[in-house]
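These figures come from a predicted structure and were not determined experimentally.
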Amino acid sequence: MIDVALLIGRLLFVALLYLFLFAIMRTGIGLVRGQRKKEKAWSISVERGPKELRGIQITVHGPVIVGRNPGSDIVIGAGYVSGRHARFTLMGQNLFIEDLGSTNGTAVNGQIITEPTALRNNDVVNVGDVAIKVRYA
C-alpha cells in the first residue's frame, strides 16, 4: 500500500515539474516575441529617384552608405553623386545622417548639412534628385 502511494507521489511530482518547466518556457518565449514586436526601428526608403531605386526600403541596424560605389548599401549611378556620398548611422535610439565630403552635398528637408545631423520621423534626405524618407516605427 505504501509502495503505491510513493509511486503516485513520484508521478505527481514529475508531472508538476514538467508543468512548471513548460510554464517557464512559454513565458520566456512570450517575452522574447513581445520585445521584438514592440521594438521600434528606423527605416529608410527611396521616395523619388531612378525607377530601379524607387520603393527600396532598408531597416537601419548599422551604418548605411549612400553613394556611386558598387560597395554602397544604396547605389546611385549618377554623376552628381560621390563614390561615398552620405552615411546613415544609429547612435542609441537616434538616427544621424552625415555627408562624407561629397562634391554636391546632402540636404535634410531642403537644408544642406555640414555636420552629422539628427533625423526625425518623416524627414526627407536629398542626395541630388534622389529623395530618401526616414521613418521611425
Side-chain angles (χ1 to χ4, degrees):
M1 183 72 175
I2 290 189
D3 291 336
V4 173
L6 287 175
L7 179 64
I8 291 174
R10 287 179 185 165
L11 291 175
L12 185 62
F13 176 74
V14 170
L16 288 174
L17 183 62
Y18 275 107
L19 284 173
F20 176 73
L21 292 174
F22 176 74
I24 289 176
M25 290 297 295
R26 188 170 158 204
T27 302
I29 291 170
L31 287 174
V32 171
R33 282 186 189 155
Q35 289 173 351
R36 288 184 183 159
K37 286 181 185 175
K38 294 178 185 176
E39 183 179 316
K40 289 186 172 185
W42 287 98
S43 66
I44 57 176
S45 60
V46 177
E47 300 285 317
R48 190 180 72 237
K51 185 171 54 172
E52 60 272 6
L53 288 178
R54 273 183 261 148
I56 289 178
Q57 184 170 345
I58 297 174
T59 302
V60 181
H61 296 291
V64 175
I65 304 291
V66 178
R68 196 174 59 232
N69 285 349
S72 299
D73 298 303
I74 299 177
V75 179
I76 304 171
Y80 56 81
V81 177
S82 297
R84 288 175 45 92
H85 195 97
R87 175 176 45 220
F88 290 91
T89 308
L90 275 175
M91 291 186 192
Q93 291 295 322
N94 299 314
L95 182 65
F96 287 81
I97 183 71
E98 176 183 7
D99 186 80
L100 298 175
S102 66
T103 304
N104 296 315
T106 303
V108 175
N109 298 325
Q111 300 292 324
I112 298 290
I113 61 169
T114 57
E115 58 188 29
T117 303
L119 296 170
R120 292 173 296 177
N121 192 30
N122 294 320
D123 277 352
V124 177
V125 175
N126 292 92
V127 176
D129 65 351
V130 175
I132 301 170
K133 191 162 192 172
V134 176
R135 291 186 179 88
Y136 186 64

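- Within the structure, the salt bridge (Lys or Arg N to Asp or Glu O under 4.0 Å) test picks out the following pairs touching residues 74-93 (sequence neighbours left out): Arg87-Glu98.
- Interatomic distance, Ile56 CD1 to Arg54 CZ, rounded to the nearest 0.5 Å: 11.0 Å.
- A continuous path of ILVMFWY side-chain contacts below 4.5 Å connects Val66 to Leu53, so both sit in one hydrophobic cluster.
- Note that CD1 of Ile112 and OG1 of Thr106 are 7.5 Å apart. Values are rounded to the nearest 0.5 Å.
- The 12-atom threshold is not exceeded at CD of Gln111, counting heavy atoms of other residues, nucleotides or ligands nearer than 6.0 Å.
- At least one side-chain heavy atom of Pro50 sits less than 4.5 Å from a side-chain heavy atom of Val130.
- Two different hydrophobic clusters hold Val124 and Val60 under the rule that ILVMFWY side chains link at heavy-atom gaps under 4.5 Å.
- Sorted by first and then second residue, the ring-ring contact (aromatic ring centres under 6.0 Å, His included) pairs with a member in residues 106-135 form an empty list; sequence neighbours excluded.
- Atom CG of Asn94 is separated from atom OG1 of Thr89 by 12.0 Å, given to the nearest 0.5 angstrom.
- Listed by chain and residue number, Tyr80 satisfy the side-chain hydrogen bond (donor to acceptor under 3.5 Å, both in side chains) test with Asp129 (two or more places apart in sequence, or in another chain).
- The distance from the CD atom of Glu115 to the CD1 atom of Ile97 is 13.5 Å, given to the nearest 0.5 Å.
- The side-chain hydrogen bond (donor to acceptor under 3.5 Å, both in side chains) test applied to Arg68 returns no partner, not counting sequence neighbours.
- Taking the side-chain hydrogen bond (donor to acceptor under 3.5 Å, both in side chains) definition, one finds that Asn109 meets it with Asp123, sequence neighbours left out.
- No more than 12 heavy-atom neighbours from other residues, nucleotides or ligands sit within 6.0 angstrom of CD on Gln93.
- Other residues sharing a hydrophobic cluster with Phe13 under the 4.5 Å side-chain heavy-atom criterion for ILVMFWY residues do not exist; the residue is a singleton.
- Nearest heavy atom pair, residue Ser82 against residue Thr103, reads OG-N, 3.2 Å.
- The closest side-chain heavy-atom distance from Phe88 to Ile58 is not below 4.5 Å.
- Judged as a ring-ring contact (aromatic ring centres under 6.0 Å, His included), the pairs with a partner in residues 103-137 (not counting sequence neighbours) are, in order, Trp42-Tyr136.
- Applying the salt bridge (Lys or Arg N to Asp or Glu O under 4.0 Å) test to pairs two or more places apart or on separate chains, none has a residue in residues 13-23.
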Got a list of side-chain donor-acceptor pairs under 3.5 Å for residues 69-79, not counting sequence neighbours?
from  : atom 1 : to    : atom 2 : distance (Å)
Ser72 : OG     : Asn69 : O      : 3.2
Asp73 : OD2    : Ile65 : N      : 2.8

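- Checked against side-chain hydrogen bond (donor to acceptor under 3.5 Å, both in side chains), Ser45 has the following partners two or more places apart in sequence or in another chain: Glu47, Arg135.
- Pairs of residues two or more places apart, or lying in two chains, never qualify as ring-ring contact (aromatic ring centres under 6.0 Å, His included) while including a residue from residues 104-134.
- Rounding to the nearest 0.5 angstrom, the gap separating the CG atom in Leu12 from the CG atom in Leu17 is 11.5 Å.
- Members clustered with Met91: Phe96, by chain and number, using a 4.5 Å side-chain heavy-atom cutoff among hydrophobic residues.
- Side-chain contact check for Asp99 versus His85: some heavy-atom pair is nearer than 4.5 Å.
- The heavy-atom pair separating Thr59 from Ala41 by the smallest distance is CG2-CB, 4.0 Å.
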